[in-house]
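Report on one structure; see the data block that follows.
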Amino acid sequence: MKKRVTLTFPQRSINMPVTYRLAKDFNVAANIIRAQVAPNQIGKLVLELAGDIDQLDAAIDWMRSQNITVSLASREILIDEDICVHCGLCTGVCPTEALTLDKETFKLTFTRSRCIVCEQCIPTCPVQAISTNL
C-alpha cells in the first residue's frame, strides 16, 4: 500500500534520520517528493510511503510520537483557467512533465495522472492561477 504524507518537523528534530528509521524499523520505503529542510528552521518533507498497511500505520504513529506533524495528503493541483495566461513558467519546474505547453496552440496542458503534487509550480506562477484543493 502507498500513502502520501507531508511531514512538518520542529526545529529540534530537523537532524533526525527519519527515512532511515522508516526503512530500518518499520520496513517502509520512503520516496522523497519534496524537501525543505534547513538548520534551525521548521522542516517539511512530502513523502510517498510504501509498505504493509500495519507497518505504515505504526510508522506514522512513531513519527507523531517524535513531535513530527504528519498530514495525509489527498491534495490535487488546481489550475484556474480564467486566470492562467499560459506563460509556461510552471512547465520548467514540473519534475514529471504533468504541466506542458501544447506545441500548436501554446496553451497550458495539465496531465493530472502524472502530477505528484510536489507543489513546485504554485510559487512559480506569476498570476497565482495554480493552487491546491486543501
Side-chain angles (χ1 to χ4, degrees):
M1 170 167 219
K2 291 183 180 181
K3 287 188 181 185
R4 183 169 297 172
V5 298
T6 300
L7 308 181
T8 306
F9 296 83
Q11 291 177 353
R12 65 189 179 324
S13 300
I14 209 74
N15 293 323
M16 185 182 304
V18 173
T19 56
Y20 169 78
R21 294 286 307 269
L22 292 174
K24 184 177 182 297
D25 298 345
F26 300 98
N27 197 31
V28 170
N31 180 25
I32 299 172
I33 296 170
R34 181 176 172 197
Q36 292 176 312
V37 181
N40 301 318
Q41 293 182 13
I42 293 174
K44 279 197 164 211
L45 277 178
V46 178
L47 300 174
E48 184 175 75
L49 302 176
D52 178 73
I53 184 67
D54 293 331
Q55 293 169 320
L56 286 173
D57 290 341
I60 289 170
D61 289 342
W62 171 78
M63 288 185 284
R64 288 182 172 144
S65 77
Q66 301 300 307
N67 295 320
I68 298 169
T69 303
V70 181
S71 303
L72 296 175
S74 59
R75 296 197 273 203
E76 288 185 297
I77 293 294
L78 303 174
I79 300 173
D80 188 331
E81 294 292 332
D82 295 330
I83 298 173
C84 181
V85 294
H86 306 278
C87 66
L89 289 174
C90 57
T91 65
V93 297
C94 184
T96 62
E97 296 182 356
L99 294 164
T100 57
L101 283 180
D102 185 284
K103 292 179 179 167
E104 292 179 19
T105 65
F106 293 101
K107 297 277 187 182
L108 184 68
T109 302
F110 178 48
T111 308
R112 188 171 309 283
S113 62
R114 296 188 72 146
C115 180
I116 59 171
V117 195
C118 68
E119 299 180 22
Q120 292 182 57
C121 54
I122 294 172
T124 304
C125 182
V127 295
Q128 298 176 341
I130 305 173
S131 61
T132 60
N133 63 339
L134 294 178

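Along the sequence shown, the residues carry numbers beginning at 1.
- Interatomic distance, F26 CZ to D61 CG, rounded to the nearest 0.5 Å: 8.5 Å.
- Side-chain contact between M63 and L49 is present, with heavy atoms from C-beta onward closer than 4.5 Å.
- If you take CD1 on I79 and SG on C90, they are separated by 6.0 Å, rounding to the nearest 0.5 Å.
- A distance of 13.5 Å separates NZ of K3 from CG of L47, quoted to the nearest 0.5 Å.
- For I83, the CD1 atom sits in a packed shell: over 12 heavy atoms of surrounding residues, nucleotides or ligands are nearer than 6.0 Å.
- Under a 4.0 Å N-O distance rule, the pair E76/R112 qualifies as a salt bridge.
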Check against side chain to side chain contact (heavy atoms under 4.5 Å, CB included), F9 and L45:
CA-CA 8 Å; F9 296 83; L45 277 178; 3.7 Å; yes

Tell me, with the steps shown, if H86 and E81 meet side chain to side chain contact (heavy atoms under 4.5 Å, CB included).
CA-CA 9 Å; H86 306 278; E81 294 292 332; 4.0 Å; yes

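- There is no path of hydrophobic side-chain contacts, each under 4.5 Å, that joins M16 to Y20.
- Side-chain contact between C94 and Q120: absent, with no pair of heavy atoms (C-beta onward) separated by less than 4.5 Å.
- Here the side chains of V18 and Q66 are not in contact, with every heavy-atom distance at 4.5 Å or above.
- Of all the heavy atoms in T19 and A30, the pair that sits closest is CG2-CB, 3.9 Å.
- Taken to the nearest 0.5 Å, the CD atom of Q36 stands 11.5 Å off from the CD1 atom of I42.
- In this structure, the side chains of T8 and I68 stay at 4.5 Å or more apart for every pair of heavy atoms.
- If you chain together hydrophobic residues whose side chains sit under 4.5 Å apart, L72 and I32 fall into the same group.
- At least one donor-acceptor pair closer than 3.5 Å links the side chain of R34 to the backbone N or O of C118.
- For the pair T96 (side chain) and R114 (backbone), a donor-acceptor distance under 3.5 Å is present.
- Side chain of T91 to main chain of G88: a donor-acceptor pair is present (N/O by atom type, distance under 3.5 Å, no hydrogens or angles).
- Two residues are said to be in side-chain contact when any heavy atoms from C-beta on lie closer than 4.5 Å; L101 and T109 fail this criterion.
- We find the CZ-CH2 distance between R21 and W62 to be 4.5 Å, quoted to the nearest 0.5 Å.
- For the pair I77/I130, a side-chain contact is recorded, criterion being any heavy-atom separation below 4.5 Å from C-beta on.
- Looking at heavy atoms from C-beta onward, T69 lies out of side-chain contact with T6 at the 4.5 angstrom threshold.
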Test side chain to side chain contact (heavy atoms under 4.5 Å, CB included) applied to L56 and M1, step by step:
CA-CA 8 Å; L56 286 173; M1 170 167 219; 4.0 Å; yes

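- A distance-only check finds no donor-acceptor pair linking the side chain of R4 to the backbone of E48 [under 3.5 Å].
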Could you give me the CA-CA distance, side-chain angles and deciding distance for L78 and T132, then say whether side chain to side chain contact (heavy atoms under 4.5 Å, CB included) is met?
CA-CA 5 Å; L78 303 174; T132 60; over 6 Å; no

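- A heavy-atom distance below 4.5 Å is found between the side chains of E119 and V117.
- To the nearest 0.5 Å, the span separating CG on L99 from CG on L89 amounts to 11.5 Å.
- With sequence neighbours excluded, no residue forms a salt bridge (charged side-chain N to carboxylate O under 4.0 Å, His left out) with D52.
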